[in-house]
Amino acid sequence: MLHTTRARLLGLPASISLRQASTQTTPTRPVSTSTTTDTSAAASKTTLSDSPSDSEVRNIPDTTKLPWNDFLHLRKQRHRAELVASVPTAALGFLSGFGYFATLEIDPSQLVLGLDPLIVYGGATVACGGLGWLLGPTVGGTMWKLAHRKKQHLIEAREREFYEHVKRNRVDPSKQSFNNPVPDHYAEKIGSIKDYRRWLRDCRAYNRKANWGGAKGDLKP
């Protein structure tokens, strides 16, 4: 009623005056985005994409770690790459040795190191192939690290932690026997959490046999 009387005195329609009054008396409530921003920021800090950029990897906090299954899967891939790389390097070494020794002139009347030259050169050719096989893991491991260089610092951090677990739980190889072999002393066959638990069970079984029925959890410190 007061708004209508005031509008008549000012010469304005009552509907406009009421609309202005309602607009003035209704405060605008700001929308808070702090919660959404904080949540998205927290998620971005702890989430690592499958193919992160170099800047994303550099900005990862020190608390970020690879899940154990992902690390063990990558570790298994690295061992596989090292093994596969040994095949071409061994073939390359053998062919290189064969190409070199096959061009040498052989005098059957003269011995080499007191042996027939064919035997010496043949053995040297096979040795070149063996040298290539030994170099294979180094070549394969280097190529694998280059392919996963964006996550290399995360892998190395988990590698150190995994080595401490292995060193703490592996068995004493001096107590092995024909009926009680050492269960994967360097844990090279572990490729998942399931494999790691199986390895722990094998270590416990080894210790029970080695200690003539020792305690189930009797592991080396």
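The analysis underlying the following values was restricted to heavy atoms, covering all of them including side chains, and did not include hydrogens, waters or symmetry mates.
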Shared hydrophobic cluster for [X] and [Y] (ILVMFWY, side-chain gaps under 4.5 Å):
{"X": "Val87", "Y": "Leu83", "result": "yes"}
{"X": "Leu131", "Y": "Phe94", "result": "no"}
{"X": "Leu200", "Y": "Ile193", "result": "yes"}
{"X": "Leu135", "Y": "Met143", "result": "no"}
{"X": "Tyr163", "Y": "Ile155", "result": "no"}

Looking only at heavy atoms, what is the nearest atom pair of [X] and [Y], with distance?
{"X": "Glu82", "Y": "Gly141", "answer": "CG-N, 3.7 Å"}
{"X": "Ala187", "Y": "Val166", "answer": "CB-CG2, 3.8 Å"}
{"X": "Leu74", "Y": "Trp144", "answer": "O-CZ2, 3.2 Å"}
{"X": "Phe101", "Y": "Cys128", "answer": "CE1-SG, 4.3 Å"}
{"X": "Tyr196", "Y": "His165", "answer": "OH-CB, 3.7 Å"}
{"X": "Thr89", "Y": "Gly136", "answer": "OG1-CA, 3.3 Å"}

Inset, instruction - Please check if atom CZ in Phe98 has more than 12 non-hydrogen atoms from other residues, nucleotides or ligands closer than 6.0 Å. - result: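 Counting other residues, nucleotides and ligands, CZ of Phe98 stays at 12 neighbours or fewer.
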Inset, instruction - Anything under 30° is parallel, anything over 60° is perpendicular, the rest tilted; go ahead and classify Trp68 against Phe162. - result: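 Trp68 and Phe162: tilted rings.
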[Y] backbone acceptor or donor facing [X] side chain under 3.5 Å:
{"X": "Arg158", "Y": "Phe71", "result": "no"}
{"X": "Tyr206", "Y": "Gln176", "result": "yes"}
{"X": "Arg75", "Y": "Leu72", "result": "no"}

Inset, instruction - Start with the C-alpha gap between Asn179 and Ser177, add the side-chain angles, then the distance that decides, and say whether side chain to side chain donor-acceptor pair (under 3.5 Å) holds. - result: CA-CA 5 Å; Asn179 294 326; Ser177 63; 5.7 Å; no
Inset, instruction - Quick one: list whatever passes side-chain hydrogen bond (donor to acceptor under 3.5 Å, both in side chains) with Gln77, sequence neighbours left out. - result: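 Residues passing side-chain hydrogen bond (donor to acceptor under 3.5 Å, both in side chains) with Gln77: His73.
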Would you compute the distance between atom [atom1] of [X] and atom [atom2] of [Y] and round it to the nearest 0.5 angstrom?
{"X": "His79", "Y": "Ile190", "atom1": "NE2", "atom2": "CD1", "answer": "9.5 Å"}
{"X": "Leu146", "Y": "Gln152", "atom1": "CG", "atom2": "CD", "answer": "9.0 Å"}
{"X": "Tyr186", "Y": "Lys167", "atom1": "OH", "atom2": "NZ", "answer": "13.0 Å"}

Inset, instruction - Under the salt bridge (charged side-chain N to carboxylate O under 4.0 Å, His left out) rule, what do Glu159 and Arg78 come out as? Steps first, then yes or no, please. - result: CA-CA 12 Å; Glu159 189 76 42; Arg78 186 186 63 194; 3.4 Å; yes
Legend entry - Val182 and Lys175, any side-chain heavy atoms less than 4.5 Å apart: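 No - every pair of side-chain heavy atoms lies 4.5 Å or more apart.
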Inset, instruction - Side-chain contact test, heavy atoms from C-beta onward, threshold under 4.5 Å: evaluate it for Val171 versus Cys203 and give yes or no. - result: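 Result yes, sub-4.5 Å side-chain heavy-atom pair found.
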Legend entry - salt bridge (Lys or Arg N to Asp or Glu O under 4.0 Å) pairs, two or more places apart, involving residues 184-195: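 Found Asp195-Arg198.
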